[in-house]
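What follows is a set of notes on a single structure, which appears directly below.
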Amino acid sequence: MRVYQCEDNLEGVCTAIYRAYEEHAEHRDTWIRVDRELMLFGEYIPVETDLERAEKVMRTLRRRFGQADYESLGLALTTPDPEKAQAVYQTVVYGLQARPQPGHLLDHQTNPHVLKTFQLAKKAGREYTRLQQFLRFQELDRGILYAENDPKCHVLPYVMVHFSDRFPQEDFAIRDIGRGLLGVHPAGGEWYLTDSQELIQALRQAGYSAREMAYEELFRYFCHKIAITERRNIGLQNQMMPKRFQKYTIEFAKSP
């Protein structure tokens, strides 16, 4: 049994998939893992991420399965599930053999690996959608829009793509607290990810602009005035916006 150990990202897994095909691995007895969990009787093969090889695999996935399914495979890999790389790998193997129509790879859920990938992609997609809805930007005194959250899945790259399209001419930054990452978008430029703690601390310590403080107070006042005390339903509220998102939203924060 071969076990390819790679980096925990799309490029790393795609490099491992390339290696598995290049080395004519027996797919039934081959694993791809992004953790360091030991498997009995396994031949461990470390895989160094190769962007050129990874891009070849990505082009193949987009061409054979369509953009939507390609994005779903990528979303599945953003989850913390330790079996995600193996599920995606075996889903790719199945898809290349079964040749489904583009956009219909994840319809084949009688295959356990396809089902697993579908479930992981759905979970990550739900997290991504929630961040689109619940992320709250605050204007710093430098004119930079800043937001932070702590998502369960590593969907920050997808979130950066979304907001870069919405705010192409704005300087903004989004912090993933749990992973210690910061997405940075310079106005009119390309976004990038960084783990610079100096930059993160500089943004966290920056003050808010006077305009931001005024609008926050107005927004909290508006939310308070439209609320009907007799119809307050905390359970439904927490269902619509889970508590882990509420502590990062302006409307739930108390006035300073």
Side-chain angles (χ1 to χ4, degrees), residues 5-16 33-36 46-55 57-58 70-71 73-82 84-85 88 120-121 123-209 212 244-245 247-250 253:
Q5 291 183 319
C6 61
E7 290 186 359
D8 188 1
N9 52 47
L10 176 61
E11 292 80 7
V13 173
C14 284
T15 302
R33 297 195 69 94
V34 296
D35 57 17
R36 293 295 177 262
V47 177
E48 184 176 343
T49 300
D50 184 317
L51 294 181
E52 184 177 345
R53 290 180 170 182
E55 182 56 39
V57 174
M58 293 177 196
Y70 167 74
E71 291 179 1
L73 294 174
L75 277 171
L77 292 174
T78 69
T79 65
D81 192 296
K84 61 185 178 182
V88 168
L120 293 177
K123 176 182 178 181
R126 184 162 52 244
E127 195 78 349
Y128 168 50
T129 300
R130 283 173 166 171
L131 281 182
Q132 287 178 297
Q133 298 169 340
F134 303 147
L135 204 65
R136 299 291 187 265
F137 286 97
Q138 294 172 288
E139 185 181 65
L140 304 180
D141 53 15
R142 306 174 188 177
I144 299 171
L145 299 179
Y146 175 70
E148 60 183 21
N149 217 289
D150 190 11
K152 292 181 178 180
C153 303
H154 181 30
V155 292
L156 181 57
Y158 293 85
V159 174
M160 289 300 298
V161 170
H162 171 75
F163 285 105
S164 295
D165 183 59
R166 291 197 63 190
F167 307 135
Q169 300 305 318
E170 297 287 348
D171 291 314
F172 70 83
I174 302 174
R175 178 187 174 210
D176 183 330
I177 295 175
R179 294 170 181 81
L181 290 174
L182 187 72
V184 179
H185 178 271
E190 296 293 327
W191 66 270
Y192 61 91
L193 297 182
T194 177
D195 60 358
S196 170
Q197 295 306 303
E198 292 80 8
L199 181 55
I200 291 174
Q201 287 303 317
L203 289 172
R204 291 194 67 201
Q205 294 170 4
Y208 298 122
S209 68
E212 174 66 27
R244 61 191 178 92
F245 292 105
K247 59 183 177 181
Y248 302 110
T249 53
I250 296 166

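Quantities reported herein were computed from a predicted structural model and do not represent experimental measurements.
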- Message: Could you walk me through whether Ser209 and Leu140 satisfy the side chain to side chain contact (heavy atoms under 4.5 Å, CB included) test, starting with their C-alpha distance in whole Å, then the side-chain angles of each, then the deciding distance to 0.1 Å, before giving a yes or no?
- Response: CA-CA 5 Å; Ser209 68; Leu140 304 180; over 6 Å; no
Which atoms form the tightest heavy-atom contact between [X] and [Y], and what is the distance?
X: Leu131; Y: Pro151; result: CD1-CB, 3.9 Å
X: Val57; Y: Cys14; result: CG2-O, 3.4 Å
X: Gly125; Y: Leu75; result: CA-CD1, 4.2 Å
X: Val13; Y: Ala85; result: CG2-CB, 4.1 Å
X: Ile200; Y: Gly180; result: CD1-O, 3.8 Å
X: Ala124; Y: Cys153; result: CA-SG, 3.9 Å

For [X], what residues pass the salt bridge (Lys or Arg N to Asp or Glu O under 4.0 Å) criterion, not counting sequence neighbours?
X: Glu170; answer: none
X: Asp141; answer: none
X: Glu11; answer: none
X: Glu71; answer: none

Residues, nucleotides or ligands: over 12 heavy atoms within 6.0 Å of [X] [atom1]:
X: Gln133; atom1: CD; result: yes
X: Gln197; atom1: CD; result: yes
X: Glu190; atom1: CD; result: no

- Task: Provide the full list of ring pair (Phe, Tyr, Trp, His ring centres under 6.0 Å) pairs with a residue in residues 173-200, sequence neighbours left out, each pair given once.
- Result: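 Qualifying pairs: Phe172-His185.
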Answer yes or no: is there a donor N or O on one side and an acceptor on the other, between the side chain of [X] and the main chain of [Y], under 3.5 Å?
X: Arg136; Y: Phe134; answer: yes
X: Lys84; Y: Ala76; answer: no
X: Glu212; Y: Glu139; answer: yes

- Stepwise, does the side chain to side chain contact (heavy atoms under 4.5 Å, CB included) test hold for Tyr70 with Met58? CA-CA 8 Å; Tyr70 167 74; Met58 293 177 196; 3.5 Å; yes
With sequence neighbours left out, what residues match [X] under side chain to side chain contact (heavy atoms under 4.5 Å, CB included)?
X: Gln5; answer: Val3, Arg36, Tyr44
X: Pro168; answer: none
X: Glu198; answer: Ser196
X: Asp195; answer: Leu181

Say you draw a straight line from [atom1] of [X] to [atom2] of [Y]; how long is it, rounded to the nearest 0.5 Å?
X: Leu10; Y: Leu73; atom1: CG; atom2: CG; result: 8.5 Å
X: Asp8; Y: Arg33; atom1: CG; atom2: CZ; result: 11.5 Å
X: Gln138; Y: Ile250; atom1: CD; atom2: CD1; result: 4.5 Å
X: Glu127; Y: Phe245; atom1: CD; atom2: CZ; result: 4.0 Å
X: Leu156; Y: Leu182; atom1: CG; atom2: CG; result: 8.0 Å

- Qualifying side chain to side chain donor-acceptor pair (under 3.5 Å) pairs with a residue from residues 149-169, counting only residues at least two apart or across chains: Gln132-His162
- Taking only residues at least two apart or on different chains, which pairs with a member in residues 171-181 satisfy side chain to side chain donor-acceptor pair (under 3.5 Å)?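 The answer is Glu148-Arg175, Asp176-Arg179.
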- Message: The criterion is side-chain hydrogen bond (donor to acceptor under 3.5 Å, both in side chains); which residues satisfy it with Asp50, sequence neighbours excluded?
- Response: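 None.
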- Item | Check: Thr78 and Tyr128 side chains under 4.5 Å, non-hydrogen atoms |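 No, side chains not in contact.
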- Message: Show, in sequence, the C-alpha distance, side-chain angles and deciding distance for Val184 and Leu199, and conclude whether the side chain to side chain contact (heavy atoms under 4.5 Å, CB included) test is met.
- Response: CA-CA 10 Å; Val184 179; Leu199 181 55; 4.1 Å; yes
- Tell me, with the steps shown, if Phe163 and Leu145 meet side chain to side chain contact (heavy atoms under 4.5 Å, CB included). CA-CA 11 Å; Phe163 285 105; Leu145 299 179; over 6 Å; no
